[in-house]
Amino acid sequence: MTSRKRRVTRLFVEHTLDGDTLSLDEDEAHYLGHVLRLQRGDELIVFDGRGAERHAVVGVLQHRGATLELRADHPVLPESALELTLLQALPKADAMDLIVQKATELGAKAIAPVYAEFTVVRIDDERLDRRIDHWRRIARSACEQCGRHTPPTILAPVTLNDGLHALPDDTTRLVLDPGASARFASIPKPAAGLLIAIGPEGGFAANDWRLLDAAGFARVTLGPRVLRAETAAVAACTIAQALWGDLGA
């Protein structure tokens, strides 16, 4: 009976990957040893999200810090050619965490949370920075798992109206609507970027639809079933990447 080869761990670091060694602080050492379960002598890949990716070996691993021995460069996985931005009306916290994780794995370039009329979750100023940092950590962890090099940009939540005004002009704009007749496959391939808008648990309200229509969003359906916000986000990203990105059947 043959043993399965252990998948090499990938670690996102906010450090410059120059030289022969990389020093990690106490928190990073704790993550290395207690979350990733690595030990001295174990091999891994470190990447900085800015183009550098290298093989490494755990040289020193202690409670107060760790040292990695940097080795040869590792090839960076190409990003999807589809410039996909997810305009997501904020759902409950656990649902948003899942959306960030899966949208990252599915190649979204940016995630723009917005407050729609039926949005239940409201993040106060005191918690805003912590929440955005939490989403960014989820995205970095998803990159570690799936082999992606560059985490998506995650914007601070704003009102739907403000979010729509901040969008780039030269993009294909789609919004999920269970009552629409058009499907993704009927949409021409985006010449530039693609924006997909997804409502909260209660869907978009009448005023939200007026804003989306005025902003040039075409309504598309995923089929006859009404999906949860997190399911709709995963399905929409998957279909878009299969049609116009780097997913294949």
Side-chain angles (χ1 to χ4, degrees), residues 77-91 96 98-117 119 135 139 142 146 148 150-200 203-249:
L77 189 70
E79 285 285 294
S80 171
L82 180 64
E83 294 283 339
L84 172 60
T85 295
L86 192 64
L87 188 77
Q88 177 66 59
L90 272 171
M96 188 62 186
L98 181 64
I99 289 168
V100 170
Q101 180 189 67
K102 300 309 177 187
T104 300
E105 293 179 30
L106 290 165
K109 295 294 196 305
I111 302 171
V114 293
Y115 296 112
E117 187 169 325
T119 297
W135 291 330
C146 73
R148 186 177 177 184
T150 307
T153 299
I154 301 180
L155 303 177
V158 294
T159 66
L160 177 61
N161 186 54
D162 288 345
L164 293 175
H165 279 96
L167 296 176
D169 293 328
D170 56 343
T171 53
T172 297
R173 301 180 175 196
L174 305 178
V175 56
L176 298 190
D177 178 5
S181 58
R183 302 275 185 136
F184 274 77
S186 68
I187 305 298
K189 182 178 180 179
L194 172 66
L195 293 165
I196 301 178
I198 299 174
F204 286 121
N207 188 57
D208 296 330
W209 282 115
R210 283 191 287 271
L211 292 172
L212 290 160
D213 290 340
F217 278 79
R219 303 187 186 200
V220 293
T221 180
L222 291 173
R225 289 174 293 280
V226 177
L227 305 179
R228 297 172 65 96
E230 61 270 36
T231 308
V234 173
C237 290
T238 301
I239 292 170
Q241 290 288 11
L243 286 173
W244 307 304
D246 60 358
L247 284 185

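None of these values were measured; they are calculated from a predicted model.
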When every non-hydrogen atom of Leu86 is compared with those of Ala233, the smallest separation belongs to CD2-CB, 4.2 Å

Minimal heavy-atom distance between Leu247 and Thr238, with the atoms involved, is CD1-O, 3.8 Å

Would you call Val220 and Arg183 a side-chain contact if the rule is heavy atoms closer than 4.5 Å? no

Within this structure, what is the CD1-CD1 distance for the pair Ile198 and Ile99, rounded to the nearest 0.5 Å? 6.5 Å

What is the distance from atom CG of Leu222 to atom CG of Leu176, rounded to the nearest 0.5 Å? 5.0 Å

Can you check whether Thr104's main-chain N or O pairs, donor with acceptor, with Arg148's side chain at less than 3.5 Å? yes

Would you say the side chains of Ser80 and Gln241 form a donor-acceptor pair under 3.5 Å? yes

Hey, does Leu211 have a side-chain heavy atom less than 4.5 Å from the side chain of Asn161? yes

Supply the atom-to-atom distance Ile239 CD1 to Leu106 CG, rounded to the nearest 0.5 angstrom. 11.0 Å

Within the structure provided, determine whether Pro113 and Gln88 are in side-chain contact (heavy-atom separation under 4.5 Å). no

List the steps, then state whether side chain to side chain contact (heavy atoms under 4.5 Å, CB included) holds for Val158 with His165. CA-CA 11 Å; Val158 294; His165 279 96; over 6 Å; no

When rounded to the nearest 0.5 Å, the distance separating CD1 of Ile111 from CD1 of Ile154 is 4.5 Å

Less than 4.5 Å apart, any side-chain heavy atom of Thr171 and any of Thr85? no

Taken to the nearest 0.5 Å, the spacing of Leu90 CG from Leu160 CG works out to 11.5 Å

Are any non-hydrogen side-chain atoms of Val234 and Glu230 less than 4.5 angstrom apart? no

Supply the atom-to-atom distance Lys189 NZ to Thr172 OG1, rounded to the nearest 0.5 angstrom. 11.5 Å

List the atom of Ala229, the atom of Gly199, and the distance in Å for their closest heavy-atom pair. CB-O, 3.8 Å

Mind running side chain to side chain contact (heavy atoms under 4.5 Å, CB included) on Leu164 and Leu87 for me, showing each step along the way? CA-CA 9 Å; Leu164 293 175; Leu87 188 77; 3.8 Å; yes

Would you call the rings of Phe184 and Trp244 parallel, tilted or perpendicular, taking 30° and 60° as the class edges? tilted

Spell out, as yes or no, whether a donor-acceptor pair under 3.5 Å connects the side chain of Asp208 to the backbone of Glu117. yes

Using the side chain to side chain contact (heavy atoms under 4.5 Å, CB included) rule, take Cys237 and Ile196 through it: C-alpha gap first, then chi angles, then the decisive distance, then the call. CA-CA 8 Å; Cys237 290; Ile196 301 178; 5.6 Å; no

Note, Leu82 side chain near Leu243 side chain (heavy atom, < 4.5 Å): no

Side chain to side chain, Thr150 and Lys109, heavy atoms closer than 4.5 Å: no

Shortest non-hydrogen separation from Gly193 to Pro190 and the atoms involved: O-CB, 3.9 Å

Measuring only between side-chain heavy atoms, which start at C-beta, is Val175 closer than 4.5 Å to Trp209? yes

